Student: 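My questions all concern the structure below.
Predicted model, so just to flag it, every value in this text is computed and none were measured. Any value given below was found using the heavy atoms of this structure, including those in side chains, with hydrogens, waters and symmetry copies removed. Every chain is numbered from 1, with letters handed out A, B, ... down the list of sequences.
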Amino acid sequence: MEQISSILNDLSIGKKFEIRGWVYRIRASGKLAFIILRDASNVIQCVAKAENFNDGDFKLVSSLTIESSVSLVGELRKDDRAINGYEMNITSFKIYERNDNFPVSKDISEEFELDNRHLWIRSREFNSILKIRSTIFKAFREFYDKEGFYEVQPPLMVSTATEGGSTLFNVPFFGETAYLSQSSQFYLETFIFSLEKVYTITPSFRAEKSRTWRHLTEYWHAEAELAWTDNEQMMEIEEKMLHYIVGKVISENSNELRILGRDIETLKESLKPFRRIPYKELIDMSESLGMPLKYGDDLGADEERQIMSNFKTPIFVTEFPATLKTFYHRPDPSNPEVILCHDLLAPEGYGEVVGGGERIWDYELLRKRINEGGLKEEDYYWYLDLRKYGSVPHSGFGLGMDRVAMWIMHLDKITGAIAYPRTIRRLRP
RNA sequence: GCCGCUGUAGCUCAGCUGGUAGAGCACACGCCUGUUAAGCGUGCGGUCGUCGGUUCGAACCCGACCGGCGGCGCCA
């Protein structure tokens, strides 16, 4: 039994193989049937000639239907007329299941595709998306492993919000109410006092009624937290990480990128250094970027899209005004109006994929910020404790894996970057 | 939460000023020895999202409800 990709080469010419998979396309004429077979690895054209079978068997093999599961035995030939340049001349076959009518056909709407994701993920396009996603997740873990980080597992059923104001999902919890985690940041901060450099990849849940091209209700959140690290050092690590991930995808998935129509030369631009632009400078530049802004304006979807249509490489926007960020961000001691933080905006109009920065590590300052935010100190007792017992300067970030995947693959919406998107209006399949 | 669009065959859609439902694809059968989303012929296939109203008559006009899609805010 062979994988299709492993036999598509000149060394296989003249050899007999057995391959198994699903019928991708079939075209039959009286005495000849072409079956394009797919497996996880690729597709190959197979030809069944009537002269090689008795009438009953030829009838069976030439009337197979799309997505029927089969194994085919035959000899490989080079043939320029066939997709991928090789063709297998079938001499025997086994049918595992013959379908009546596969619902997914060449003309499908977005709604039908989403209702039938469990079947659509078989398409060559989605097969490529899943392979690239797999590389992105693998590269993320590889990078942090090489950098000496520990992977940790925070709880996902929690008692408090990370960011005040965000809407939480409630879950019954033995007479209490639990919430689904929106971010593991606070728990990661606890881990650094044991392990110093930690990361995690978990789902995060947002009950906001967002209806946009880049929001999911359940999304894959990659987060890291480092002791003894400032904002500048944090950005250096993130830049190195994204260079590693993009480089891995380019080297391992060039074929999949081609199937998706992703321009690899444009993607390679993101292997270059990322500019750091302080918020104030960005505001000063904003008019020339086609999106006039004034100091204090937040960057919304339209602003990011317009600004990032000017860049081919991601940029860090740093030093946001304190009014635009939540309570745990550390103000610049030399200018408390400004926060020691950064957002990473992806190029080609994609916008924010990472948010990070230094955390407040002074006990009294954090208490003050919690109270200013209208939050209850007792809800955050364990988070405050970290500032009482051996507090250290530290930084971290959160990255939306699905957003990174969408940008790397140049997809037009985030629901295309994940197999089973959860949004305000989609819970199935 | 706000704004806009949409729902007709398994799928993609057409259906004029209201007059009793159409095409392509898929599937089934037949023909074809080099197809590339193959071709030709025949066939199968519809409480026109649901409920109510107007009318002699509603896929079409009106109302309510339900589903879906797109955009913004919020964020990753």
Student: Let's see if you can work this out: which of B:rC75, B:rC32, B:rG34 has an atom nearest to the side-chain heavy atoms of A:Ser29?
Tutor: B:rC32
Student: Mind calculating the distance between CZ (A:Phe34) and C1' (B:rG34) to the nearest angstrom?
Tutor: 4 Å
Student: Rounded to the nearest Å, what distance is computed from the CD atom of residue A:Glu218 to the P atom of nucleotide B:rA76?
Tutor: 17 Å
Student: Just by modelled atom types, is the A:Asn42 backbone N or O under 3.5 Å from a matching donor or acceptor in the A:Asp39 side chain?
Tutor: yes
Student: Which is true for A:Ala33 with a 4.0 Å heavy-atom rule: it touches a base, it touches only sugar-phosphate, or it touches nothing?
Tutor: nothing
Student: From C-beta outward on A:Thr65, which listed nucleotide comes closest to its side chain: B:rC11, B:rC27, B:rC75?
Tutor: B:rC27
Student: Calculate the interatomic distance between A:Asp79 atom CG and B:rU36 atom P; express it in whole Å.
Tutor: 14 Å
Student: Taking the six-membered ring of A:Trp407, is NZ or CZ of A:Arg214 closer than 6.0 Å to its centre and within 45° of its axis?
Tutor: no
Student: On RNA chain B, compare the nucleotides closest to A:Leu344 and A:Thr415; which residue's is nearer the 5' end?
Tutor: A:Thr415
Student: Rounded to whole Å, please give me the gap between CD in A:Glu110 and C1' in B:rG71.
Tutor: 13 Å
Student: Distance check, P atoms only: B:rA59 and B:rC16, in whole angstrom units.
Tutor: 12 Å
Student: Counting the atoms with a prime plus P, OP1 and OP2 as sugar-phosphate, which does A:Val354 contact under 4.0 Å by heavy atoms, base, sugar-phosphate, or nothing?
Tutor: sugar-phosphate
Student: Just by distance, with hydrogens left out, do A:Arg403 and A:Tyr219 show a side-chain donor and acceptor under 3.5 Å apart?
Tutor: no
Student: Whether the A:His410 and A:Asp263 side chains hold a donor-acceptor pair (N or O, under 3.5 Å, no angle test) is what I'd like checked.
Tutor: no
Student: C1' atom, B:rU17 versus B:rG57: distance in rounded Å?
Tutor: 16 Å
Student: Within this structure, what is the CD-to-C1' distance between A:Glu352 and B:rG73, rounded to whole angstrom?
Tutor: 14 Å
Student: Less than 3.5 Å between a donor and an acceptor, one on the side chain of A:Gln45 and one on the base of B:rU35, is that the case here?
Tutor: yes
Student: Please determine, by modelled atom types, if A:Glu223 and A:Ser183 share a side-chain donor-acceptor pair under 3.5 angstrom.
Tutor: yes
Student: I'd like to know if the side chain of A:His394 pairs up with that of A:Glu189 as donor and acceptor (distance under 3.5 Å, no hydrogens or angles considered).
Tutor: yes
Student: Pick the closest RNA chain B nucleotide for A:Ala50 and for A:Ser109 by heavy atoms, then say which residue is nearer the 5' end.
Tutor: A:Ser109
Student: Using atom C1' in both nucleotides, what's the gap between B:rG15 and B:rA9 to the nearest angstrom?
Tutor: 14 Å
Student: Counting heavy atoms from C-beta on, name the nucleotide in B:rG71, B:rG73, B:rU36 closest to the side chain of A:Arg81.
Tutor: B:rU36
Student: Calculate the interatomic distance between A:Asp298 atom CG and B:rG73 atom P; express it in whole Å.
Tutor: 10 Å
Student: Of all the choices, B:rC11, B:rC75, B:rG34, which nucleotide is nearest to the side chain of A:Ile108 once you look at every atom?
Tutor: B:rC11
Student: Work out which heavy atom in A:Ile283 is nearest to a heavy atom in A:Ser286; give both atom names and the distance.
Tutor: O-OG, 2.6 Å
Student: Which base sits across from B:rU54 as a Watson-Crick or G-U pair, both distances under 3.5 Å?
Tutor: none
Student: In whole Å, what is the span from the NZ atom of A:Lys31 to the P atom of B:rU33?
Tutor: 5 Å
Student: Just call it for A:Glu87: base, sugar-phosphate, or nothing, with non-hydrogen atoms closer than 4.0 Å on any strand.
Tutor: base
Student: Across the strands shown, which category fits A:Lys59 at heavy-atom distances under 4.0 angstrom: base, sugar-phosphate, nothing?
Tutor: sugar-phosphate
Student: Below 30° counts as parallel, above 60° as perpendicular, anything between as tilted: where do the rings of A:Phe327 and A:Phe186 land?
Tutor: perpendicular
Student: Pick base, sugar-phosphate or nothing for A:Phe112, based on heavy-atom distances below 4.0 Å to the nucleic acid.
Tutor: sugar-phosphate
Student: Are any protein N/O atoms closer than 3.5 Å to N/O atoms in nucleotides 3-5 of chain B? If there are, list each pair with its distance.
Tutor:
none

Student: Taking B:rG73 as the reference, what is the distance to B:rA37 when you measure between their C1' atoms (whole Å, please)?
Tutor: 42 Å
Student: Say you pick atom C1' in B:rC56 and the same atom in B:rC3; how far apart are they, in whole Å?
Tutor: 41 Å
Student: Under 4.0 angstrom, heavy atoms only, what part of the nucleic acid is A:Trp220 near: base, sugar-phosphate, or nothing?
Tutor: nothing
Student: Looking at every strand, decide which applies to A:Arg305 at a 4.0 Å heavy-atom threshold: base, sugar-phosphate, or nothing.
Tutor: nothing
Student: Between B:rC75 and A:Ser210, counting only base atoms on the nucleotide and side-chain atoms on the residue, is there a donor-acceptor pair under 3.5 Å?
Tutor: no
Student: Can you tell me the base-pairing partner of B:rC2? Count Watson-Crick or G-U wobble geometry only, both distances below 3.5 Å, and say none if there is no partner.
Tutor: B:rG71
Student: Searching all strands shown, indicate the nucleotide that pairs with B:rA9 (Watson-Crick or G-U wobble; both distances under 3.5 Å).
Tutor: none
Student: Side chains of A:Tyr86 and A:Asn9: any donor to acceptor distance under 3.5 Å?
Tutor: no
Student: May I have the distance from A:Lys49 (atom NZ) to B:rC32 (atom P), rounded to whole angstrom?
Tutor: 18 Å
Student: Classify the nucleic acid contact of A:Leu216 as base, sugar-phosphate or nothing, counting any heavy atom under 4.0 Å across all strands shown.
Tutor: base
Student: Side chain of A:Leu114 only, please: which of B:rA28, B:rC69, B:rC75 is the nearest?
Tutor: B:rC69
Student: Hunt down the Watson-Crick or G-U wobble partner of B:rA14, both distances under 3.5 Å, from any strand shown, or write none.
Tutor: none
Student: Could you tell me how the ring of A:Phe143 sits relative to the ring of A:Tyr244: parallel (under 30°), tilted (30 to 60°) or perpendicular (over 60°)?
Tutor: tilted
Student: Side-chain N or O of A:Arg426 less than 4.0 angstrom from OP1 or OP2 on B:rG67?
Tutor: no
Student: One pair to check against ring-ring contact (aromatic ring centres under 6.0 Å, His included): A:Tyr150 and A:Tyr144. What are the steps and the verdict?
Tutor: CA-CA 8 Å; A:Tyr150 293 94; A:Tyr144 282 102; over 10 Å; no
Student: Using a cut-off of strictly less than 4.0 Å, decide whether A:Lys413 has a side-chain nitrogen or oxygen near OP1 or OP2 of B:rG70.
Tutor: yes
Student: Going by purine N1 to pyrimidine N3 plus the second Watson-Crick contact, or the G-U wobble pair, all under 3.5 Å, which nucleotide sits opposite B:rC29?
Tutor: B:rG41
Student: Between B:rG10 and B:rC66, how far is it from one P atom to the other, in whole Å?
Tutor: 25 Å
Student: Please report the distance separating the C1' of B:rC62 from the corresponding atom of B:rG46, rounded so that it comes out in whole Å.
Tutor: 25 Å
Student: What integer number of Å spans the P atoms of B:rA26 and B:rG67?
Tutor: 34 Å
Student: Please indicate yes or no: is the ring centre of A:Tyr219 less than 5.5 Å from the centre of the six-membered base ring of B:rA76, with the two planes inclined by under 30 degrees?
Tutor: yes
